[in-house]
Amino acid sequence: MSAPAPSMYSPKAKQTAENLGLSMGKANLEIFAATLQDLATQDRHILAVTSDSRGSGKLAPYGQALPEQIVEVGIAEQNLVGVSAGLASVGKNVFAVSPACFLTARSFEQVKNDIAYSDNPVTLVGISAGVSYGALGSTHHSLHDIAALRAVNNITIMSPADNYEMQEAVKAAAQLASPVYIRAGKAPLFNLPGNDPFVPGRCRVVKDGQDAAFIATGETVIHALLAAEHLQQTAGISCRVISVPTIKPLDSAAILRCAQECGAILTVEEHMVNGGLGEACAAIIAQSSYKPRFKIMGIPDEYTVTGSQADIFRHYGMSMEGLAESMLRLVNN
Amino acid sequence: MYTNEQLTLKSLQYRHNILRWIKSAGAGHTGGSLSCIDILNVLYNRILNVSPDTFTSPDRDRFVQSKGHSVEALFVVLADQGFYDEKELESLCAYQSHFVGHPTRKVPGVEQNTGALGHGLPIATGMAIGARKDNRNFRVFTLLGDGEMAEGSNWEAAMAASHYQLDNLTAIIDCNSLQISGRTSEVMNNEPLAEKFAAFGWAVSTVDGHNLTQLSAALAAPLQAGKPSMIIAKTIKGKGVSFMEDIPKWHHGVPSDEEQIMALKEIETAIAKLTEGSL
Ligand SMILES: [Mg+2]
């Protein structure tokens with residue numbers, strides 16, 4: 001047996017979180033399942049569709065409570081998305097739930113044609129997204145999903161960073177009459193500070209600051225926040241931290257405010273650096289008159305290192321320490 | 001209700017229209033449109049409770065044309081059903097037209113956007129499950145090509161439709177034995193289709209896909225309670241234009257001016273013969 005996975009947070013990072021008064025929440029997958037069950041209890045048109053993924057989607061309690069509102073298609077992701085499109089077209093409010101790696105690759109053509117192009121308002125829930133599956137390896141990683149879906153017309157991409165954002169994303173998706181993709185990880189997450197409400201298509205300011213800005217999404221936002229706090233305390237650098245719960249459509253006004261007001265921008269994502277949040281921000285800024293120093297942090301275009309999610313984050317400089325160091329270099333460059 | 005003779009006349013007129021609009025657009029899937037037109041004729045004129053007035057009703061029957069490339073057949077029939085004026089097909093495949101070369105919901109009467117193969121059966125399966133969830137009695141139909149049966153997603157859906165005992169679902173294979181690069185049996189043999197679907201738990205009926213009486217009988221009601229229905233319609237690609245029949249190049253061939261005159265004349269002769277006989 002291998003050693004237990006190292007904690008996502010170093011002792012110093014844990015201390016920083018404590019200094020910030022952050023409380024530990026649940027895994028976003030659990031919040032997704034609980035929120036969906038609440039909504040489905042009130043609306044019989046809500047259906048969860050699974051591809052032998054009820055357990056990994058934390059939907060076992062949902063399935064027990066609402067057996068008529070869950071449809072199993074077996075290990076058949078193309079059919080999962082096609083069936084979901086058909087259900088949506090006859091008026092059901094469908095959440096298609098499957099590991100992000102399969103949902104956005106195996107059934108990509110069904111997502112593009114049957115959901116997005118046909119405007120069937122399905123919510124696709126990519127479970128255990130990014131490198132959540134850790135050492136299970138690249139077959140189970142989804143480091144392509146944001147890039148792939150950014151290139152598809154008529155789908156909103158949501159990537160919640162904590163339990164609040166996930167709960168609101170699920171509620172918003174249930175209301176939206178258009179296709180949505182939600183990325184859900186399975187690691188317990190700190191509850192983030194900040195007073196900005198979750199609004200689809202808007203960024204949220206998690207921490208204010210003027211010298212530099214972290215623009216991050218999903219499970220990396222907490223590490224950006226800890227790095228910002230660490231830089232404040234150790235180097236006197238004031239960093240803004242922006243959470244991007246909606247990657248498409250991207251809140252270009254918030255991105256441009258960072259470019260205008262902060263001299264350096266570092267983007268962070270649990271995704272390959274090709275075609276993700278960082279490149280989306282770069283495109284917005286390059287087409288403006290602002291010229292901040294700019295760096296994209298993510299998984300590089302290489303054979304991904306083996307390890308837990310925490311190992312992989314640390315290896316590619318996406319822990320508190322790694323991000324603080326990269327930002328310091330960017331600011332002093 | 002139309003008589004068999006009236007429907008036979010419609011099939012000839014549809015074939016004439018298909019050829020005219022393909023010629024006018026300079027593009028189209030001639031062979032497959034001619035092979036499936038009798039199936040669409042029976043569906044829209046005898047089976048489906050679909051019309052421009054009922055198209056937004058949640059209780060309407062659903063038709064998903066999975067073999068989306070035979071869109072000219074669908075567009076001609078929808079025009080005849082009154083969803084739009086047939087003259088609008090002048091813009092088929094033209095700049096800024098909503099009459100794309102595959103079905104889209106921008107065209108009135110089209111239920112789903114299709115064109116990539118292997119998508120219709122999963123979508124139709126979802127619709128049929130949805131009908132069950134809401135206790136609605138509508139039926140769901142989908143038209144597949146025989147070459148299309150090589151797509152694995154069809155078999156995923158075939159399994160699910162049988163698992164859920166969807167007798168409100170009927171699939172029809174336009175079994176014209178050809179696909180773009182040759183004979184289906186040589187490109188990728190998928191026979192025996194009837195036995196395969198029976199083994200997947202479907203009720204199967206094989207009919208002459210140009211025989212309106214056989215098609216009507218097979219489509220009138222689910223074949224068997226508790227099982228999805230599969231109608232294997234044996235057809236001839238290019239049917240009705242003798243020089244096109246069973247020739248692979250007419251998959252998406254557009255007739256030359258001379259060929260067009262010959263083709264239309266053959267159909268006009270058949271129409272004249274039919275209408276004379278009835279007078
Ligand atoms: Mg064929």
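Naming convention: chains lettered A, B, ... in sequence-line order (proteins, then strands); numbering from 1 in each chain.
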Which atoms of A/Glu72 are under 4.5 Å from chain B, going by heavy atoms: the side chain, the backbone, both sets, or neither? both
Between CD of B/Glu111 and OG of A/Ser89, what distance do you get to the nearest 0.5 Å? 6.0 Å
In this structure, are over 12 heavy atoms from other groups packed under 6.0 Å from B/Asp85 atom CG? yes
Return yes if a side-chain donor-acceptor contact under 3.5 Å exists between A/Asn120 and B/Gln112, otherwise no. yes
Please tell me if the side chains of A/Val90 and B/Asp134 come closer than 4.5 Å, counting only heavy atoms from C-beta onward. no
May I ask you to test the A/Ser118-B/Arg105 pair for a side-chain heavy-atom distance under 4.5 Å? yes
Please confirm whether the backbone N or O of A/Gln69 pairs with a side-chain atom of B/Lys133, one donor and one acceptor, at under 3.5 Å? no
Pick one of side chain, backbone, both or neither for A/Val71, based on which atoms fall under 4.5 Å of a heavy atom in chain B. both
With chain A as the partner, which of B/Arg136, B/His163, B/Glu156, B/Met159 has the greatest number of non-hydrogen pairs under 4.5 Å? B/Glu156
Is it true that, when you exclude A/Glu68 itself, more than 12 heavy atoms of the residues, nucleotides or ligands shown sit nearer than 6.0 Å to its CD? no
Do any N or O atoms from the side chain of A/Asn79 and from the backbone of B/Pro122 form a donor-acceptor pair under 3.5 angstrom? no
Any non-hydrogen side-chain atom of A/Asn113 less than 4.5 Å from a side-chain atom of B/Asn113? no
Rounded to the nearest 0.5 angstrom, the NE2-NZ distance for B/His119 and A/Lys112 is 8.0 Å
Value for CD (A/Glu109) from CD (B/Glu151), rounded to nearest 0.5 Å, stands at 7.0 Å
Answer yes or no: does atom NZ of B/Lys196 have more than 12 heavy-atom neighbours from other residues, nucleotides or ligands under 6.0 Å? yes
Part of A/Ile75 lying under 4.5 Å from any heavy atom of chain B: neither
Could you tell me which residues in residues 40-61 of chain B have at least one non-hydrogen atom under 4.5 Å from a non-hydrogen atom of chain A, sorted by residue number? none
Around atom CD of A/Gln175, are there more than 12 heavy atoms from other residues, nucleotides or ligands closer than 6.0 Å? no
Using non-hydrogen atoms and a 4.5 Å limit, figure out which bit of B/Ala124 sits close to chain A: side chain, backbone, both or neither. neither
Between the side chain of A/Gln78 and the main-chain N/O of B/Ser153, is any donor-acceptor distance below 3.5 Å? no
